[in-house]
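This report concerns only the one structure given below.
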Amino acid sequence: MSRLVIDPVTRVEGHLRVEVQVDGGQVTEAYASSTMWRGIETILTGRDPRDAWLFAQRICGVCTTVHALASVRAVEDAVGAVPPRNARLLRDIIAASLSVHDHVVHFYHLQALDWVDPTAALAADPARAAALAQSISNYPRSTAGLFAAVQTRLRVFLESGKIGPFTNGYWGHPAYRLSPEMNLIAFSHYLDALDFQRDYVRVHALLGGKNPHPQTYVVGGMASPIDLNSQDAINANTLQEVAQILQRGVEFVEQVFLPDLEAIAGAYPEWTTYGRGLGSYMVFGDYSASPPRVARPPRDGIFPGGVIRNGSLAVEPFDPAGIAESVAHSWFRYEEADAALPPWLGETQPQYTGPEPPFEHLDVAGKYSWLKAPRYQGMAVEVGPLARLLVGYSLNDARIHPLVQGALDRLHLPPEALMSTLGRVLARGLETRLMAQHALDLVAELRDNVAGGDLAIADTGRWRPTSWPDGTLRGVGFHEAPRGALSHWVVIEGDRIRNYQAVVPTTWNASPRDADGNPGAYEASLVGTPVADPQRPLEVLRTLHSFDPCMACAAHLYDADGNDIIQVRVQ
């Protein structure tokens with residue numbers, strides 16, 4: 001038996017350390033530790049709740065607007081503001097397009113190298129690569145000449161010795177199985193995805209003023225006027241340009257992203273048997289055409305809400321009252337005890353008790369992570385694209401069920417195969433297709449609504465604190481962010497924030513043990529993962545990356561006064 005330490009886990013957002021026990025060539029136990037903390041929640045305490053979204057969206061610069069959206073929804077829930085339809089549509093267009101952008105970037109630039117060996121592409125025949133690519137997709141860039149040019153570019157790059165993000169890769173690892181031609185195709189698409197994301201992200205600049213961190217949210221709606229005939233507002237030309245960008249997104253997902261994922265699935269079928277993990281999933285629900293409901297996510301959105309327990313594929317309703325966070329194995333303390341607290345009563349009091357760096361191993365019997373351990377009715381759950389598609393599939397949702405079933409039929413897989421590392425990867429791609437089309441549909445809805453004479457963009461009746469209900473106010477904002485179920489919880493007294501808690505997707509998935517010793521989704525999913533070479537644990541990275549870790553979101557390095565807590569020196 002040996003204990004492997006991966007620190008830091010690379011190609012993730014933020015700092016993640018994983019320690020795994022390996023026995024008989026597979027992982028028998030795993031511990032995930034977030035090694036950073038920022039304290040955004042403490043920074044928000046005492047501030048004007050109408051400004052909260054501006055601070056909260058700085059939790060992450062990659063998934064950028066998701067925290068702004070959850071934050072502004074939380075405050076609206078507390079004060080009773082209901083954004084008009086135009087504002088809700090604009091917010092959903094930004095959110096849906098972010099989901100597409102985020103999923104494409106994650107796969108090609110953070111995860112693909114777990115399955116793709118660029119060095120093997122040097123042995124490919126460009127003509128055979130073109131024939132293969134054309135057999136699985138009508139992507140117009142699948143030509144022998146282009147693949148030959150990419151191969152030459154790759155050879156020069158690798159021979160230079162200055163290979164940036166490819167440094168220290170596990171190239172030549174026996175777990176790589178794609179043909180040289182498929183490696184060349186995938187690497188070419190890696191480059192194309194860089195151009196795609198640069199173009200696609202312009203949606204946020206057009207509708208939100210900038211990216212990252214658009215500036216057009218406001219409690220009660222949006223700050224951008226909309227009028228199809230005005231040069232001083234989001235107009236017909238703006239929406240036409242947005243629609244053209246989104247259409248190119250649909251084409252990229254259908255012609256490039258999904259064919260690549262299915263090719264990888266065909267080459268690595270055994271990965272439908274690894275990485276199952278908890279088998280329990282949670283979805284809030286989101287993207288509803290109806291006005292928001294107080295303290296409860298929608299039930300009629302693109303993503304239906306629900307909870308799956310122990311892989312049964314039976315869905316029960318989600319109840320927000322079931323959420324609580326434990327700090328039994330987290331570097332935080334609660335005033336009373338380490339009993340789990342619901343978010344409105346949550347506390348954010350850091351207390352590092354871990355070993356003094358540098359150290360060999362974490363003290364996993366005690367506290368070992370800067371993440372709390374969120375639980376739903378005491379149960380650890382997985383959140384994210386896989387959870388959303390499993391819930392939608394199990395509920396026979398009209399959009400999700402045929403999308404998932406079509407992929408299962410093409411790959412000759414049963415539904416249970418989705419509960420795996422490869423299933424998680426496929427679910428992200430299928431969801432990207434769903435959201436790419438939905439973003440385009442939302443633009444048409446917005447155009448039609450404005451053309452009908454509705455120019456309302458914000459509810460200002462609840463803007464001033466004097467218009468808010470008396471007493472202590474509580475609000476929660478739910479959002480199905482790219483990485484999963486996101487919620488922001490706010491308690492307001494007078495015109496100031498008394499307490500603020502963000503329970504984010506990676507906190508759910510990457511959490512440490514809770515008070516009962518139950519592991520989080522990362523820790524559970526790694527058990528049973530094969531490890532062919534302990535010095536190059538590629539297989540461990542495959543499962544970890546399938547979740548798209550974002551430790552920056554989860555561990556919210558500044559104190560409340562803006563001072564550095566630690567410094568990291570790279571040599």
Practice task
Supply the atom-to-atom distance C550 SG to I59 CD1, rounded to the nearest 0.5 angstrom.
Solution key: 10.0 Å
Exercise for the section: Check I93 against A439 and note the closest heavy-atom contact, atom names and distance. Expected result: CG1-O, 4.4 Å
Practice task
Look only at the side chain of S99 and the backbone of A96, and say whether a donor-acceptor pair between them is shorter than 3.5 Å.
Solution key: no
Problem - Shortest non-hydrogen contact from W468 toward D495 - result: CZ3-CA, 4.0 Å
Completion exercise
When rounded to the nearest 0.5 Å, the distance separating CD1 of I40 from OG1 of T45 is 11.5 Å
Handout entry: Residue that, paired with E325, satisfies side chain to side chain contact (heavy atoms under 4.5 Å, CB included) out of L341, L371, V503
Key = V503
Practice task
May I ask you to check whether H101 and Q197 show a side-chain donor-acceptor distance below 3.5 Å?
Solution key: yes
Completion exercise
On a heavy-atom basis, the closest approach of P512 and A373 is O-CB, 3.8 Å
Practice task
Working to the nearest 0.5 Å, report the span between OG of S546 and CZ of F107.
Solution key: 12.0 Å
Handout entry: Residue list, side chain to side chain contact (heavy atoms under 4.5 Å, CB included) with E335, at least two apart or on another chain
Key = R333, E347, Q349
Handout entry: 4.5 Å side-chain heavy-atom contact, N499 and V490
Key = no
Handout entry: Heavy-atom side-chain contact between R462 and V219 under 4.5 Å
Key = no
Handout entry: I457 versus S224, closest heavy-atom pair with distance
Key = CG1-O, 3.1 Å
Problem - R542 side-chain N/O to D114 backbone N/O, donor-acceptor pair under 3.5 Å - result: yes
Practice task
Can you label the angle between the W489 ring and the W344 ring as parallel, tilted or perpendicular, going by 30° and 60°?
Solution key: perpendicular
Exercise for the section: Mind checking the CZ-CG spacing from R248 to D199? Nearest 0.5 Å is all I need. Expected result: 4.0 Å
Problem - Test item: T348 side-chain N/O and T42 main-chain N/O as donor-acceptor pair under 3.5 Å - result: no
Problem - Residues forming a side chain to side chain contact (heavy atoms under 4.5 Å, CB included) with E19, sequence neighbours excluded - result: R3, V5, R17, H361, L362
Problem - Any residue meeting ring pair (Phe, Tyr, Trp, His ring centres under 6.0 Å) with Y200, in chain and number order, not counting sequence neighbours - result: F196
Problem - Any donor-acceptor N or O pair under 3.5 Å, side chains S290, D300 - result: yes
Practice task
Sequence neighbours left out, what passes side chain to side chain donor-acceptor pair (under 3.5 Å) with E523? Give chain and number order.
Solution key: Y368, R513
Exercise for the section: Taking the side chain as every heavy atom from C-beta outward, state whether F318 and V283 have any atom pair closer than 4.5 Å. Expected result: no
Exercise for the section: Tell me yes or no: between the side chains of R375 and S511, is some donor less than 3.5 Å from an acceptor? Expected result: yes
Exercise for the section: Any pair with a residue in residues 86-97 that passes side chain to side chain donor-acceptor pair (under 3.5 Å), sequence neighbours left out, goes on the list, sorted by first then second residue, please. Expected result: E76-R91, N86-N449, S97-H204
Problem - Under-4.0 Å salt bridge between D286 and R73 - result: yes
Exercise for the section: Before giving the answer on side chain to side chain contact (heavy atoms under 4.5 Å, CB included), spell out for R496 and D48 the whole-Å C-alpha distance, their side-chain angles and the decisive distance to 0.1 Å. Expected result: CA-CA 5 Å; R496 297 291 155 179; D48 189 321; 3.9 Å; yes
Handout entry: side chain to side chain donor-acceptor pair (under 3.5 Å) partners of N235, counting only residues at least two apart
Key = T238
Handout entry: K367 side-chain N/O to Q351 backbone N/O, donor-acceptor pair under 3.5 Å
Key = no
Handout entry: Any donor-acceptor N/O pair, R11 side chain to A112 backbone, under 3.5 Å
Key = no
Exercise for the section: Report yes if some heavy atom in the side chain of P482 is under 4.5 Å from a heavy atom in the side chain of R428; otherwise report no. Expected result: no
Completion exercise
Rounding to 0.5 Å, atoms CD1 (I492) and CZ (R50) come to a distance of 10.0 Å
Practice task
Verify, without hydrogens or angle tests, whether D77 (side chain) and V476 (backbone) share a donor-acceptor contact under 3.5 angstrom.
Solution key: yes
Practice task
Would you check if V18 and L16 make a side-chain contact, meaning some heavy-atom pair closer than 4.5 Å?
Solution key: yes
Exercise for the section: Answer yes or no: is there a donor N or O on one side and an acceptor on the other, between the side chain of R202 and the main chain of R198, under 3.5 Å? Expected result: no
Practice task
Check for a donor-acceptor pair, side chain of S369 on one end and backbone N or O of S33 on the other, with a separation under 3.5 Å.
Solution key: no
Handout entry: Steps toward side chain to side chain contact (heavy atoms under 4.5 Å, CB included) verdict (F252, V100)
Key = CA-CA 10 Å; F252 187 86; V100 174; over 6 Å; no
Handout entry: Exercise: identify the closest heavy-atom pair between T216 and G208
Key = OG1-CA, 3.3 Å
Problem - Ring geometry between H109 and Y190 (parallel below 30°, tilted from 30 to 60°, perpendicular above 60°) - result: perpendicular
Practice task
Check whether any side-chain N or O of D459 sits under 3.5 Å from a backbone N or O of V82 as a donor-acceptor pair, and report yes or no.
Solution key: yes
Problem - Partners passing salt bridge (Lys or Arg N to Asp or Glu O under 4.0 Å) against D470 (at least two apart in sequence or in another chain) - result: none
Problem - Side chain proximity check, V491 to I497, heavy atoms < 4.5 angstrom - result: no
Exercise for the section: Indicate, with yes or no, if the rings of W508 and Y376 have centres closer together than 6.0 Å. Expected result: no
Practice task
Quick one: list whatever passes side chain to side chain contact (heavy atoms under 4.5 Å, CB included) with D441, sequence neighbours left out.
Solution key: Q437
Problem - Side chain proximity check, V443 to R447, heavy atoms < 4.5 angstrom - result: yes
Problem - Those residues that, when tested against D363, pass salt bridge (Lys or Arg N to Asp or Glu O under 4.0 Å) (two or more places apart) - result: none
Problem - Residues, nucleotides or ligands: over 12 heavy atoms within 6.0 Å of R464 CZ - result: no
Handout entry: Flag side-chain contact, heavy atom, 4.5 Å: V104 against T432
Key = yes
Problem - By salt bridge (Lys or Arg N to Asp or Glu O under 4.0 Å) - contacts of R85 (at least two apart) - result: E445
Practice task
Output all residues satisfying side chain to side chain contact (heavy atoms under 4.5 Å, CB included) with A233, sequence neighbours left out; order by chain, then residue number.
Solution key: P225, D227, S230
Exercise for the section: Using atom types as modelled and distance alone, determine if a side-chain donor or acceptor of Y352 lies under 3.5 Å from a backbone N or O of P355. Expected result: yes
Exercise for the section: Locate the shortest heavy-atom distance separating Y522 from S525; write the atom from each residue and the value. Expected result: O-OG, 2.9 Å
Exercise for the section: Can you measure from OG1 (T65) to CH2 (W53) and round to the nearest 0.5 angstrom? Expected result: 10.5 Å
Exercise for the section: Indicate, with yes or no, if the rings of F303 and F284 have centres closer together than 6.0 Å. Expected result: no
Practice task
Decide if atom CG of D195 counts as having more than 12 heavy atoms of other residues, nucleotides or ligands within a radius under 6.0 Å.
Solution key: yes
Exercise for the section: Report the residues that fulfil ring pair (Phe, Tyr, Trp, His ring centres under 6.0 Å) with Y500, sequence neighbours left out, ordered by chain and then residue number. Expected result: H488
Practice task
Using a strict 4.0 Å threshold on nitrogen-to-oxygen distance, state whether D548 and R483 make a salt bridge.
Solution key: yes
